[in-house]
2 protein chains.
Amino acid sequence: MSSVLVNNKAEEIRQYLVSVGVYATPQRQAIAEMLFSRHQHLTADQVYEEVSKSAKRVSRATVYNTLNLFAQKGLVREIFVDASRTFYDSNTSSHYHLYNIDAGNLIDMDDKDVARYISRNMPEGVVLEGIDVVVRVRNLVIS
Amino acid sequence: MSSVLVNNKAEEIRQYLVSVGVYATPQRQAIAEMLFSRHQHLTADQVYEEVSKSAKRVSRATVYNTLNLFAQKGLVREIFVDASRTFYDSNTSSHYHLYNIDAGNLIDMDDKDVARYISRNMPEGVVLEGIDVVVRVRNLVIS
DNA sequence: CTTGGATTTAGACTAATTCTATAATTGCCG
DNA sequence: CGGCAATTATAGAATTAGTCTAAATCCAAG
């Protein structure tokens with residue numbers, strides 16, 4: 001019973017994809033469901049591993065294509081904290097990141113936390129290395 | 001005449017290197033002189049090209065080694081704005097960057113400018129794409 | 001001068017990402 | 001429903017920034 005509610009999350013995601021103008025192909029659907037299942041910061045390879053093991057077979061090229069497409073459509077945000085890899089964040093709202101250079105992981109931060117870090121009030125076990133602010137702009141194109 | 005003043009810039013740089021504990025080898029000296037000749041944001045390859053054409057022959061590996069060493073010693077700052085390349089900034093003071101995604105170039109910004117950008121008051125020809133704040137930490141090591 | 005540790009080098013190697021050419025899907029229209 | 005044109009997915013080759021390696025060179029100190 002209640003078949004209208006079965007897979008409503010999947011259906012919600014499908015409609016989300018369609019709403020930004022991309023076909024909800026099975027591969028994109030699988031990647032999106034994985035990305036949006038919770039807030040996380042993943043590399044393309046992690047997305048590939050995750051999707052491969054738990055769902056439909058997807059090629060690496062498609063993962064890259066899809067992540068680039070999603071980033072372009074504003075569904076995910078690219079984060080550059082390290083030259084060796086790009087992270088993708090499914091939380092596109094305005095927020096900051098705490099990147100642990102040694103551990104190689106990223107966690108979200110809000111303003112209050114940033115202030116705390118800037119004031120040298122570090123949580124135990126880590127020391128501030130730097131705070132980077134990058135303002136990214138594009139050329140204005142009149143179309 | 002005035003031979004004591006000849007190359008005083010070079011000598012100044014040499015002493016700067018020594019003061020942070022690195023031998024001022026000819027290659028490092030050449031790279032440092034190039035980097036510190038003015039404020040700029042260069043990729044490793046640009047440094048290689050510049051140094052190669054105007055001074056002593058330097059290998060690519062040495063350019064990478066030297067830039068990593070300088071970054072580690074705090075002489076230059078690594079900037080990640082794009083997955084495809086790392087920029088090196090000879091201005092290590094606290095400041096922000098304006099990165100034009102289309103042009104691929106970086107310019108320095110001060111606080112006032114950041115505020116201006118955040119308030120959507122764009123200079124002509126560009127539109128705000130995003131402002132990234134990354135707080136970088138390291139594991140605390142008791143040595 | 002000799003010697004040992006530090007540095008430089010060329011080129012092999014790695015890993016992330018993109019490209020390419022082909023195959024498979026898809027929506028759509030009659 | 002059936003077929004077509006366009007879109008998307010795929011494997012694997014290609015690219016590219018950066019690292020590694022092993023050998024050669026340099027240089028300061030005795």
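Letters A, B, ... are given to chains in the order of the sequence lines, protein chains preceding strands, and every chain is numbered from 1.
Judged purely by atom type and a 3.5 angstrom limit, A:Thr86 has no side-chain atom pairing as donor or acceptor with the backbone of A:Glu78. For the pair A:Thr66 (side chain) and A:Val63 (backbone), a donor-acceptor distance under 3.5 Å is absent. Side-chain atoms of A:Arg28 come within 3.5 Å of backbone N or O of A:Tyr23 as a donor-acceptor pair. Between the side chain of B:Gln29 and the main chain of B:Leu17, no donor-acceptor pair closer than 3.5 Å is present.
Looking at which nucleotide of DNA chain D each of A:Gly21 and B:Tyr88 is closest to, the 5′-most match is held by A:Gly21. Between B:Tyr23 and A:Thr86, it is B:Tyr23 whose nearest contact on DNA chain C lies nearer the 5' terminus.
The phosphate of D:dA11 has OP1 or OP2 within less than 4.0 Å of a side-chain N or O from A:Arg57. Regarding contacts with the backbone of C:dT25, every side-chain N or O of A:Gln27 stays at 4.0 angstrom or more from both OP1 and OP2. Dashed line: the shortest gap from a side-chain N or O of B:Thr25 to OP1 or OP2 of D:dC26 is not under 4.0 Å.
Across the protein-nucleic acid pair, B:Gln72 atom CD and D:dT19 atom C1' stand 15 Å apart, rounded to whole Å. In this structure, B:Phe70 atom CZ and C:dT7 atom C1' are separated by 13 Å, rounded to whole Å. In this structure, CD of A:Gln29 is placed 17 Å from P of C:dT25, rounded to the nearest angstrom. Distance B:Tyr48 OH to D:dT16 P: 16 Å, rounded to the nearest Å. Here the C1' atom of nucleotide D:dA9 and the CD1 atom of A:Ile31 are 10 Å apart, to the nearest Å.
Under the 6.0 Å cut-off for aromatic ring centres, B:Phe36 and B:Tyr16 qualify, their centroids lying closer than that.
Residue contacts for B:Asn65: at a heavy-atom cut-off of 4.0 Å it reaches a base atom on one of the strands shown. A:Ser84 comes within 4.0 angstrom of sugar-phosphate atoms only, judged by non-hydrogen atoms across all strands, and of no base.
The side chain of B:Ala61 lies closest to D:dC20, out of D:dC20, D:dT10, C:dT8. For B:Arg28, the listed nucleotide lying nearest its side chain is C:dT7; candidates were D:dG18, C:dT7, C:dT17. The side chain of B:Tyr64 lies closest to D:dG18, out of C:dT26, D:dG18, D:dA11. If you check D:dG18, C:dT18, C:dT9 against the side chain of B:Ala44, the one that comes closest is D:dG18. Side-chain proximity of A:Thr62 to the nucleotides C:dT17, D:dA9, C:dA10 is greatest for D:dA9. The side chain of B:Asn68 approaches D:dT19 more closely than any other nucleotide in the set D:dA9, D:dT19, D:dT7. Proximity note for A:Pro26 (side chain, C-beta onward) versus D:dT10, C:dT26, D:dT8: the nearest is C:dT26. Minimum atom distance to the side chain of B:Ser59 is reached by C:dA10, of the listed C:dA6, D:dT10, C:dA10.
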